[in-house]
Amino acid sequence: MEAAVSSGSASWTVHTDVFDGPLDLLLYLVKRDGVDVRKLDVRRVTDSYLAYLERMRDLNLSLAGDYLVMAATLVHLKSMELLPRLPTVLEEEEDPRDALARQLQEYERLRQAADFLDEQPRVGRDVYVRDPAVIDGSARIESGLDIFALLDLYANLLSARDAPEPIVSMVGDSGPDFRSCCEWVLRRLGGVGGRGELSQMLQSLHTRAERVVAFVAGLEMIKQHWLSVSQTGHLAAIDLVQLVDEDRIDLNNLTTWVEDGDSTPEDENGPLDD
Amino acid sequence: MGLSMTEHVLPFPGRPGGVAPEVVSAIEALLFASGEPINSARLAQIIDIPTEQVRIAIALLQDRYSEGRGVVLGRVADGWQLRTAPAFSPLVMALRGAKPKKLPRPQLEVLSSVAWQQPVTRGEVDRVRGVDSGPIIRKLLDRGYLRVSGRRDEPGRPLEYRTTKAFLTVFGLPSLTALPRLDERREVSKSEE
Amino acid sequence: MGLSMTEHVLPFPGRPGGVAPEVVSAIEALLFASGEPINSARLAQIIDIPTEQVRIAIALLQDRYSEGRGVVLGRVADGWQLRTAPAFSPLVMALRGAKPKKLPRPQLEVLSSVAWQQPVTRGEVDRVRGVDSGPIIRKLLDRGYLRVSGRRDEPGRPLEYRTTKAFLTVFGLPSLTALPRLDERREVSKSEE
């Protein structure tokens, strides 16, 4: 965002996204005013800083809290300069102005470091390597794995575990059967070309048993090439697409998993229909 | 393409049959970065030179990338492509084959529940995942990411599993204490563009 | 690598400092096919030759892929990598119809802060930058430029971060010791990758 403001004799162009935080702004003001970073002129820089914030406010630009904290610090330092030095201040204690000056110097060095990195010939910007896919993003899958991605996965497992179990459990109920789960998946996809995201589909089921059997049903139908499966990235959503018309799908042909060999017809639109 | 030019003609781009060395290098860079075959017309268009110049430069590059070299310039599908010489394909395959493969999601799931809960029994992993994890635990034992660490003192005395050093290596962790905690996940992923 | 060898020594592999031309070509093929940096030890292992031979061959290849060429052989991330010469990046981008990959300034700052001070905690990065760096650290972890390297032995045991091999590769740095010393900054900790 950029805004040009005219105020009195001075004309300003404010690049609000140029500043990466209060230290960045402060460094800019110190340099603009030609002040030595090591001998910070607190009064001058405080006035400049507050004036700048004022202008930002006039432009209705929202400021992150960090900027206001820095403003408070600066005002505090300025007030210390205006007051006579209190005798209770210990000699050994570092002058807070020096501490701020030191912080600014350190930040300036960080910017030097960032400049150095930015000047290096960078893959994808200045130089190209063969098969660039290996470098960015997927590099970790090849040469090492992302522990935070693994943690996300674990957290998802934990939250899925909270899925409510059915309140009513009938005696002799053998749980969801495979065939009706296949049919449920097909209904959700809704014909050739129909799409669905696997985990979303499974989450709409009420019990874990249903989710598991429906999941396996999906896998089996992928194996039969009735559905296609795609994933845009490592741990990304898994999309199912129905490839074959329902007329050409013969669920009786599925032998996997159907251990007892019979499906219960009255279940076809039964417990899985939400 | 019967040009039998040698590189000493390079400094005389004005001379018929000559071409500036930068043009040759530009084409080399483009063919290297592309991976796919590029035809002469396209090269001429990108570098903004006459197609005739591209033809001369290609002839020079063919001399450079020829018999006996590890990389050769070949005519493929109406274009030009840099490829590894066929003689070295067994070596290239050895290099590729050594790359660690991507772990399938079920294995990642089991690995995650062992990593954060260890020591853990198969029953506990099954409960978290909601499916039988036996075969996957076996795969992870084979891959060397899990190990049996003992038996749980409960009915049936089930085996307990822990992650191995190989697990730490592949995730780039110095030790198990470096595993991020669930609250740290929230800390770092507080999303804000 | 101060070898000033020319290719006419190639046919005499028996001679000290000599190397069979097939070895040079094999390394060329492997570097071309890999895309990623490969170190000398790995090359020696795949081709099954002494590392010394690899060093000689690399020196010859460096002569071949040098100044003025479209493709150069660079020392990157403790290994060797073929990459296009920077002069031709506008042409490569035109070919791919791609824009240069951006790395926003905040990400560069956080990356610098980690690169020069590693291992570093989030708190330390926050303090130097004066703003919350959590979301940016997460982005850099996602991009594969940073990794968790352990925990600091202090209250709360915060995670420590280091840069990765991908960081060195993308910035074309031979190693962390190639980072220049910034005036008055405390010494760059020696890395044991």
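Protein chains get the first letters and strands the later ones, always in sequence-line order, with residue 1 at the start of each. All heavy atoms count here, side chains included; hydrogens, waters and symmetry mates do not.
Within the 4.5 angstrom heavy-atom criterion, atoms from both the backbone and the side chain of C:L103 approach chain A. In this structure, the portions of A:D118 lying under 4.5 Å from any heavy atom of chain C include both its backbone and its side chain. Looking at C:A77, neither its backbone nor its side chain comes within 4.5 Å of chain A, counting heavy atoms on both sides. For C:F32, the parts lying under 4.5 angstrom from a heavy atom of chain A are both the backbone and the side chain.
Residues satisfying the side-chain hydrogen bond (donor to acceptor under 3.5 Å, both in side chains) criterion with C:R127, sequence neighbours excluded, are absent altogether. With sequence neighbours excluded, no residue forms a ring-ring contact (aromatic ring centres under 6.0 Å, His included) with A:F215.
Put simply, the side chain of A:S79 gets close to the backbone of A:H76: a donor and an acceptor are under 3.5 Å apart. Without hydrogens or angle criteria, C:R69 side chain to C:A85 main chain gives no donor-acceptor distance under 3.5 Å.
Counting heavy-atom pairs closer than 4.5 Å to chain C, the top residue among A:L117, A:D115, A:V127 is A:L117.
Side-chain atoms of C:D78 and C:S175 form no donor-acceptor pair, as typed in the model, at a separation below 3.5 Å.
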